[in-house]
Amino acid sequence: MTSVIEQDMVAGVHYTGTFPDGEVFDSSEGRNALYFLVGHRQMIPGFEEEMMGAAVGEKREFTLTPDRAYGEHDESAVQVVPRGQFPPDIPLEVGVTMAAQTDEGPLPLTITAVDEENVTVDFNHQMAGKTLRFSVEVVEVRAATPEELAHGHVHGPGGHHH
Ligand code: ZN
């Protein structure tokens, strides 16, 4: 019986992700395949949904709207902060990413605007609000080991080594 991508399987894929205008934002081309444990929140939800039932050698192309990818862009997660609140060793430039220390742990943010007094920071994921296209080829599908299922991630090639 041919193994296909389904809950609790380990899948290895080569992929290219593009924005609707064709710009490539990520690709496994020239790198190792991406391995993930299916159904354990390692991937954005739409990616797994579109790949369900695919066998080795199968190629799929699909488009994910933000609700199935990294979520909508939340304007309330954009804040204007006085320059003085940043540590002096951090370059205050558009595009710089860092983590704010909060009571709930580090929270990643991106600087999206800078003027003489203030810095605008965006706590949204950098891919929030974006529609993403994927071209995916399945290179391996196998059953997960009990240890992988317990940890919630892939071990060995393409996964965690510990
Ligand atoms: Zn592990």
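Both ligands and their constituent atoms are indexed starting at 1 by order of listing. Worth saying up front: this structure is predicted, and the values here are computed from it rather than measured.
Both tests hold for Lys130 against Phe19: distance to the six-membered ring centre under 6.0 Å, angle to the ring axis within 45°.
Taking the six-membered ring where tryptophan is involved, the planes of His160 and His162 are tilted, since the angle between them lies from 30° to 60°.
Side-chain contact of Tyr15 with Asp26: a donor-acceptor pair under 3.5 Å is present, judged by distance alone.
Heavy atoms of other residues, nucleotides or ligands lying less than 6.0 angstrom from CG of Asn32 number 12 at most.
The Zn ion (ligand 1) has His151 ND1, His153 NE2, His155 NE2, His162 NE2 as protein N, O or S atoms under 2.8 Å away.
Nearest heavy-atom pair, Thr63 versus Arg68, reported as atom, atom and distance to 0.1 Å: O-NH1, 4.3 Å.
Between the side chain of Asp122 and the backbone N or O of Thr110 there is no donor-acceptor pair closer than 3.5 Å.
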